[in-house]
Protein chains: 2
Amino acid sequence: MSSEHPTEPDGSDTKDRARRTDAKRSFDALVQAARDVFASSGVDAPVRDITGKAGVGTGTFYRHFPKRGDLIAAVFRNEVDSCADAAPALAENHPPLEALAAWLHRYSEFIATKRGLASALHSGDPAFETLPAYFDARLRPALSQLLERAAKAGEIRTDLDADDIISAVANLSMPAKTARPDHTRRVVDIFMNGLKSR
Amino acid sequence: MSSEHPTEPDGSDTKDRARRTDAKRSFDALVQAARDVFASSGVDAPVRDITGKAGVGTGTFYRHFPKRGDLIAAVFRNEVDSCADAAPALAENHPPLEALAAWLHRYSEFIATKRGLASALHSGDPAFETLPAYFDARLRPALSQLLERAAKAGEIRTDLDADDIISAVANLSMPAKTARPDHTRRVVDIFMNGLKSR
DNA sequence: ACCATATACGGAACAATGTTCCGCTTATCA
DNA sequence: TGATAAGCGGAACATTGTTCCGTATATGGT
């Protein structure tokens, strides 16, 4: 499902030839592998670590990601997609309030994980310029959907703005160092509690 | 003059033997060279570029800066020192208001230049943990001195806090992309104008 | 002035990582 | 099913990081 979204660069569809399926497979495998490697070794992880885990050659790597920023941006988009795509699935399988809470936690995790990328993001690399817009375009509708559903069910306040919540939870999820590892989860819970209608 | 300040790590003074002067020279040469190289090639510049410009061997480099963060922190401290040390000199050679304006511009330049370091600073490297405190400890007194002098001369408002001004000018000096290159200088001028007494 | 010695230096050698290049493979289309 | 453009792999090469150790010298004591 998430592969429907433009994790890939270049949204054009009027090509002489369509992109070969093996190319797409390599691309996806690299993004997936990079995601894992970044998580365990940081964004400066060696190229060979990534190609090794992805099971592709280094040549293939550079074909898809000539600049390192290209890879980081692709991983970021991919994770934004995962997070956004979680919303409809949660809505289907859980009551409104529960789905909303679950998604906020999911989103909170995403933010916390992205601490490593965050510094890279602010580095001025042109590959990252469109990311904030993408972030907003994908995540806001996802949250809005859950908010509306919960609001219609009368379970939360109706004066809530998706933008505010997204940035509020983002801030809550970026504490420097926390004594207890579940601190973030707890404050997000409290915040979530505040959303409820009385 | 600036070498009086603890650009060097390790504030202890009860050593068996004092640090050799050639060691200090190498240290200073490396910081100086790194400063230049960082400015032209960024903080990821190759070690050999720095040692080459400093005229020392690579062994010497690693003796002084086992971790890259150590070097970056040293350069940062060095630049904070330069900026702070500029204050007394300006006070001696210029009328109060003029000295204050000149120093604010000097400080503004410093902030703008540090954009490259800023992302590194937020990376969580333990070598950077004491930098914010150092920044404050050196820069606030420098500015306070100029503020007090100008206030005594009746040239500026008396309700001004050094902290506020430091952070305000820092924010003014970090615009993303400016059409005109002197934008920063101009807004700082305007801000400075606001400091004057009526 | 000179010696003893801890300190520091330089840079070759080694290791890790980035990047390119090109012969081989394969998906796609007619 | 053949032609061909697209893609792939990984060795080879280039760059940068890091260590190691023989040599040089600043320092304190005599």
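Below, chains carry the letters A, B, ... as their sequence lines are ordered, and counting in each starts from 1. Side-chain atoms are counted along with the backbone in the values below, which use heavy atoms only and exclude waters and symmetry mates.
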Practice problem: Ignoring backbone atoms, establish whether His64(B) has a side-chain N or O less than 4.0 Å from OP1 or OP2 of dA8(C). | Solution: no
Exercise. Under the ring pair (Phe, Tyr, Trp, His ring centres under 6.0 Å) rule, collect the residues that match up with Phe61(B), sequence neighbours excluded.
Key: Phe65(B)
Self-check item: Inter-axis angle, terminal five-pair segments of the helix from dA1(C)-dT30(D) to dA30(C)-dT1(D) [nearest 10°]
Solution: 20°
Quiz item: Within the structure, does a side-chain N or O atom of Ser26(B) lie under 4.0 Å from either OP1 or OP2 of dC9(C)?
Solution: yes
Quiz item: In whole angstrom, what separates Arg25(B)'s CZ from dA26(D)'s P?
Solution: 8 Å
Quiz item: Among pairs that include at least one residue of residues 140-154 of chain A, which meet side-chain hydrogen bond (donor to acceptor under 3.5 Å, both in side chains), considering only residues two or more places apart or in two chains?
Solution: Asp136(A)-Arg140(A), Arg140(A)-Asp163(A)
Self-check item: Partner residues of Asp22(B) under the side-chain hydrogen bond (donor to acceptor under 3.5 Å, both in side chains) criterion, sequence neighbours left out
Solution: Arg20(B)
Quiz prompt | Leu30(A) CG to dG18(C) P, straight-line distance once rounded to whole Å | solution = 14 Å
Quiz prompt | All salt bridge (Lys or Arg N to Asp or Glu O under 4.0 Å) counterparts of Asp164(B), not counting sequence neighbours | solution = none
Quiz item: So which pairs with a foot in residues 49-66 of chain A pass salt bridge (Lys or Arg N to Asp or Glu O under 4.0 Å), sequence neighbours left out?
Solution: none
Self-check item: Pairs involving residues 86-108 of chain A, ordered by first then second residue, that meet side-chain hydrogen bond (donor to acceptor under 3.5 Å, both in side chains) (sequence neighbours left out)
Solution: His94(A)-Glu98(A), His105(A)-Asp189(A), Ser108(A)-Ser173(A)
Quiz prompt | Value in whole Å for how far the P atom of dT27(D) lies from NZ of Lys24(B) | solution = 13 Å
What nitrogen or oxygen pairs link the protein and nucleotides 23-26 of chain C at under 3.5 Å?
residue : atom : partner  : partner atom : Å
dT26(C) : O2   : Arg20(A) : NH1          : 3.0
dT26(C) : O2   : Arg20(A) : NH2          : 3.3

Practice problem: Spell out protein contact along nucleotides 12-20 of chain D as letters: B when the base is contacted, S when just the sugar-phosphate is, - when no protein heavy atom is under 4.0 Å; keep the 5' to 3' order. | Solution: B---BBBBB
Quiz item: When we call it a touch if two heavy atoms are under 4.0 Å apart, what does Gly55(A) touch: a base, just sugar-phosphate, or nothing?
Solution: sugar-phosphate
Exercise. Tell me, please, which residues at least two apart from Asp159(A) pass side-chain hydrogen bond (donor to acceptor under 3.5 Å, both in side chains).
Key: Arg157(A)
Practice problem: May I have all residue pairs that pass side-chain hydrogen bond (donor to acceptor under 3.5 Å, both in side chains) and include part of residues 32-42 of chain A, sequence neighbours excluded? | Solution: Arg35(A)-Glu79(A)
Quiz item: What residues, two or more places apart in sequence or in another chain, satisfy ring pair (Phe, Tyr, Trp, His ring centres under 6.0 Å) together with Phe128(B)?
Solution: none
Practice problem: Drop me the distance from Met192(B)'s CE to Leu104(B)'s CG, to the nearest 0.5 angstrom. | Solution: 6.0 Å
